[in-house]
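FYI, side chains are in, hydrogens and waters are out, and symmetry mates aren't considered; it's all heavy atoms of this structure.
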4 protein chains.
Amino acid sequence: MSSAASSPAPRRTGRPRSPEADRAILDATRAALVELGWGKLTMGDVAARAGVAKTTLYRRWAGKSELVVDAVAALFDEHLELPDRGSLQADIEGVVLQFAALLERPETKTALMAVVAESTRDDALRERIRGAIVDRQKRLVLLGRERAQARGELPGEEDPASAARNADLIFDVVAGSVVHRTLVSAEPVGPEWAREFAALLVAGLKNL
Amino acid sequence: MSSAASSPAPRRTGRPRSPEADRAILDATRAALVELGWGKLTMGDVAARAGVAKTTLYRRWAGKSELVVDAVAALFDEHLELPDRGSLQADIEGVVLQFAALLERPETKTALMAVVAESTRDDALRERIRGAIVDRQKRLVLLGRERAQARGELPGEEDPASAARNADLIFDVVAGSVVHRTLVSAEPVGPEWAREFAALLVAGLKNL
Amino acid sequence: MSSAASSPAPRRTGRPRSPEADRAILDATRAALVELGWGKLTMGDVAARAGVAKTTLYRRWAGKSELVVDAVAALFDEHLELPDRGSLQADIEGVVLQFAALLERPETKTALMAVVAESTRDDALRERIRGAIVDRQKRLVLLGRERAQARGELPGEEDPASAARNADLIFDVVAGSVVHRTLVSAEPVGPEWAREFAALLVAGLKNL
Amino acid sequence: MSSAASSPAPRRTGRPRSPEADRAILDATRAALVELGWGKLTMGDVAARAGVAKTTLYRRWAGKSELVVDAVAALFDEHLELPDRGSLQADIEGVVLQFAALLERPETKTALMAVVAESTRDDALRERIRGAIVDRQKRLVLLGRERAQARGELPGEEDPASAARNADLIFDVVAGSVVHRTLVSAEPVGPEWAREFAALLVAGLKNL
DNA sequence: AGCTAATCGAGACGGTACGTCGAGTCTTGGA
DNA sequence: TCCAAGACTCGACGTACCGTCTCGATTAGCT
């Protein structure tokens with residue numbers, strides 16, 4: 001989430017960067033996303049909201065996309081978790097609804113697809129998205145599978161490589177389906193849809 | 001796909017619009033997408049490539065997004081079909097690979113997510129995407145299901161409403177998973193992934 | 001005074017440049033010079049005052065210096081003339097006072113030295129200054145000498161080359177002395193100073 | 001010429017200012033003027049050249065103009081003198097050529113007019129220029145007149161007030177004419193021009 | 001065959017945001 | 001207290017696109 005990763009040789013001279021500015025900028029970015037959306041969000045506006053000069057933004061982030069990835073990544077960390085609901089089906093339904101709720105938020109709605117679109121032409125941005133959002137949320141799949149295996153709903157994996165491939169597949173199916181439903185089909189993800197989707201997925205997983 | 005929608009009162013006087021211009025513009029748009037991607041594509045550049053004045057673009061399309069949707073929609077129509085491969089699993093694998101190949105093209109890669117992102121704040125654009133791309137490709141799901149039912153792989157649907165809901169669900173799952181794998185996870189969709197995904201989906205559909 | 005010299009092949013296509021914009025910009029430049037002075041005058045501010053986009057300025061002038069030269073040159077044309085006062089001494093006194101009054105105006109005071117300073121590193125700018133201001137005002141020297149010769153105050157010139165050199169010398173002496181008195185010594189040029197200066201110069205010219 | 005003016009209460013506590021820094025900064029300023037000219041000279045660049053922090057500059061000078069005035073004033077002191085050449089005409093020619101040579105140096109060429117331009121809106125700067133440059137060089141006029149009077153070329157002055165006025169006038173004429181010839185007309189001041197100018201001035205002074 | 005009216009290329013127009021640069025100030029740690 | 005380093009706020013820069021407009025010059029189809 002922090003903009004600059006921990007440098008091995010932390011600089012010792014000069015005025016240190018203000019951590020308050022970091023916070024103010026990310027907060028301002030989220031606020032601007034809510035009010036204006038990705039398209040009308042400008043670096044100048046974010047700087048003004050944060051009470052910070054534009055140069056201070058550019059000292060930390062290379063551009064709008066990088067900034068927004070960091071600002072949005074925090075929301076994913078905060079709002080996605082996997083509470084134990086007693087069954088694989090229920091766990092999936094739960095996380096699907098959480099994810100859908102997150103995607104309905106004005107901060108994430110446009111921004112997520114926009115940065116993904118950008119990332120198709122920008123390797124550094126793609127890595128940033130992967131590190132800040134995608135890989136961090138794969139934990140949900142791993143945890144859910146563990147629980148299902150502990151409950152005896154799913155068999156234990158023998159081959160670790162195929163287990164990893166399988167987790168990636170499930171992640172793409174869950175995240176992709178919810179995103180497509182929400183943003184492309186532009187239909188709401190309600191409890192009913194979540195139930196039907198989870199039923200389909202669980203049936204697939206158990207009978208693979 | 002037609003640029004100018006059917007006008008209720010087709011004008012009868014004055015110089016008619018050049019159909020060559022239409023073609024040149026859409027071709028130029030695709031070429032610009034390949035070279036520059038969505039982000040760096042500009043209306044002025046497209047006009048220059050097409051050997052056309054900017055006015056001519058704006059007389060036909062309201063903006064960049066609308067133009068790109070039309071330019072890209074044509075590719076979907078051309079490159080997606082459902083050849084009968086003998087089994088539901090094989091049919092799904094086939095269409096998944098076709099769709100993945102389409103998404104790997106530089107024209108579509110950036111553009112698709114970008115216009116979807118735009119559409120979250122622009123209802124008219126969302127409808128255009130739905131009409132020009134999404135709804136047109138749902139035929140693939142309907143056709144695939146029919147075939148599977150004809151083969152006896154899937155039971156016939158009794159309730160037409162739930163049948164429609166089910167088709168939408170499958171469409172979101174297939175399209176969403178492939179898009180997510182390709183653009184977000186940024187991993188290739190090869191025959192292996194297609195097989196595993198199709199296996200999961202077929203297992204789910206048969207045991208629902 | 002016009003920004004672009006008369007092109008031999010005047011373009012015939014595209015929207016023609018607005019002559020109103022030209023006028024509005026030059027007026028706004030002079031107004032901004034009065035209020036803000038050279039140092040605080042900005043292109044953006046001039047554009048705003050003129051009710052014009054910044055690009056419209058840059059389409060006509062390469063930068064602040066070029067713009068100000070044109071804006072100021074008009075003042076020289078308007079406010080410098082050589083009324084016949086009956087004697088060489090009186091004519092010189094008159095033009096010195098006119099020139100001093102011009103240099104006391106807030107539009108010219110800072111701007112003139114500033115663009116001259118710039119021009120020492122910018123050949124194009126130097127030529128612009130020469131063409132728009134310096135060479136145009138040399139007419140005053142030529143006219144004054146003619147009158148003095150007609151009156152019999154000065155002998156006729158035999159060698160045209162030395163006559164030209166002499167006119168240049170006189171121009172540098174008159175203009176340079178007034179500028180130095182006004183801007184470097186920062187003392188006022190009143191009737192008294194004008195009389196003493198003119199007396200010195202006339203004595204020199206008559207006894208050369 | 002001293003950078004920090006004589007402070008009434010010289011501080012006695014804390015680390016004393018480095019005199020090496022003073023020299024390094026002024027040298028760096030002149031070097032930057034040569035390479036970049038006034039317009040592109042920046043405080044940060046001067047600091048970097050001098051191997052000094054920007055803070056150190058601002059502790060000694062209020063800004064770019066003040067710094068440059070001090071850096072340039074030293075050159076005037078070094079390069080202007082009045083060697084006795086035996087006649088008023090020859091003395092004037094000599095000082096004119098010295099002054100012209102000084103104005104041709106890249107350090108002074110741009111800088112002098114630029115700070116004069118600034119000074120028209122900044123009284124403190126005008127006083128600094130007067131004290132550091134203008135008034136110091138008036139000695140040349142006074143000395144030259146004394147010598148001419150001693151030689152019997154010019155009559156002694158009776159009224160001290162009019163003598164002072166007369167010296168100021170001569171100073172403005174000499175300095176102004178050379179500056180105008182060099183920077184505005186942008187023509188070289190060679191021996192020929194110097195001779196013609198001096199002849200004009202001497203004729204004027206003797207026949208006033 | 002001439003009228004009429006919408007089209008065409010060209011390019012200037014008012015805007016808005018961009019990302020950079022320089023000015024001058026402030027905040028570190030260290031001498 | 002000074003110093004080097006470098007982050008800070010502020011404001012202007014000159015550029016790039018947007019989508020609109022104004023030109024003169026083509027084209028049709030309708031009289």
Side-chain angles (χ1 to χ4, degrees), chain A residues 11-18 20-21 39-48 50-64, chain B residues 11-18 20-21 40-48 50-64, chain C residues 11-21 39-48 50-64, chain D residues 11-18 20-21 39-48 50-64:
Chain A
R11 58 194 128 39
R12 49 179 67 263
T13 112
R15 178 173 172 176
R17 289 192 182 163
S18 157
E20 295 174 29
K40 311 210 159 174
L41 178 148
T42 69
M43 295 296 269
D45 182 76
V46 169
V52 142
K54 263 200 296 177
T55 34
T56 301
L57 261 81
Y58 283 107
R59 210 173 282 123
R60 291 162 163 77
W61 289 278
K64 187 166 148 170
Chain B
R11 38 190 148 39
R12 47 185 73 254
T13 164
R15 179 174 173 176
R17 290 191 183 161
S18 158
E20 298 175 26
K40 311 211 157 174
L41 178 149
T42 69
M43 295 300 266
D45 182 74
V46 169
V52 141
K54 274 199 295 173
T55 331
T56 306
L57 262 80
Y58 284 106
R59 213 172 278 121
R60 290 162 164 78
W61 289 277
K64 186 166 150 171
Chain C
R11 58 191 131 38
R12 48 179 67 264
T13 111
R15 178 174 172 176
R17 290 193 182 165
S18 158
E20 297 175 26
K40 310 209 161 175
L41 178 149
T42 70
M43 296 297 268
D45 182 75
V46 169
V52 140
K54 262 199 296 175
T55 33
T56 301
L57 263 81
Y58 283 108
R59 209 173 283 121
R60 291 162 161 78
W61 291 276
K64 187 167 149 171
Chain D
R11 42 190 145 38
R12 49 184 73 255
T13 162
R15 177 171 170 176
R17 287 189 184 163
S18 156
E20 297 175 25
K40 310 210 159 175
L41 177 149
T42 69
M43 295 299 266
D45 182 74
V46 169
V52 141
K54 273 201 293 173
T55 330
T56 304
L57 263 80
Y58 283 105
R59 214 173 277 123
R60 290 162 163 78
W61 289 279
K64 187 166 149 170

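- When the C1' atom of dA12(E) is taken as reference, atom CD of Glu20(C) falls 13 Å away, rounded to whole Å.
- Partners of Ala62(A) by side chain to side chain contact (heavy atoms under 4.5 Å, CB included), not counting sequence neighbours, listed by chain and number: Glu66(A).
- For dC3(F), the OP1/OP2 oxygens have a side-chain nitrogen or oxygen of Arg60(D) closer than 4.0 Å.
- Checked against side chain to side chain contact (heavy atoms under 4.5 Å, CB included), Ser18(A) has the following partners two or more places apart in sequence or in another chain: Glu20(A), Ala21(A), Arg60(A).
- Arg15(C) pairs by the side chain to side chain contact (heavy atoms under 4.5 Å, CB included) definition with nothing, not counting sequence neighbours.
- Counting to the nearest Å, the C1' atom of dA31(E) and the CZ atom of Arg17(D) are 17 Å from each other.
- Every side chain to side chain contact (heavy atoms under 4.5 Å, CB included) that Ala53(B) has, sequence neighbours left out, goes to Thr55(B), Thr56(B).
- Two residues, Pro16(B) and Ser18(D), neighbour DNA chain F, and the one matched to the more 5' nucleotide by heavy-atom proximity is Ser18(D).
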Counting primed atoms, P, OP1 and OP2 as sugar-phosphate and everything else as base, the B/S/- map of nucleotides 9-14 of chain F against protein heavy atoms under 4.0 Å is BB-SSB
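- Taking all atoms of both residues into account, the shortest heavy-atom contact from Met43(B) to Leu57(B) is CE-CD2, 3.7 Å.
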Give me, pair by pair, the N or O atoms of the protein and of nucleotides 3-5 of chain E that are less than 3.5 Å apart, along with how far apart they are.
| from | atom 1 | to | atom 2 | distance (Å) |
| --- | --- | --- | --- | --- |
| dA5(E) | O4' | Thr13(B) | OG1 | 3.4 |

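- Summarising the geometry, atom OG1 belonging to Thr42(B) is positioned 8.5 Å from atom NZ belonging to Lys54(B); distances are rounded to the nearest 0.5 Å.
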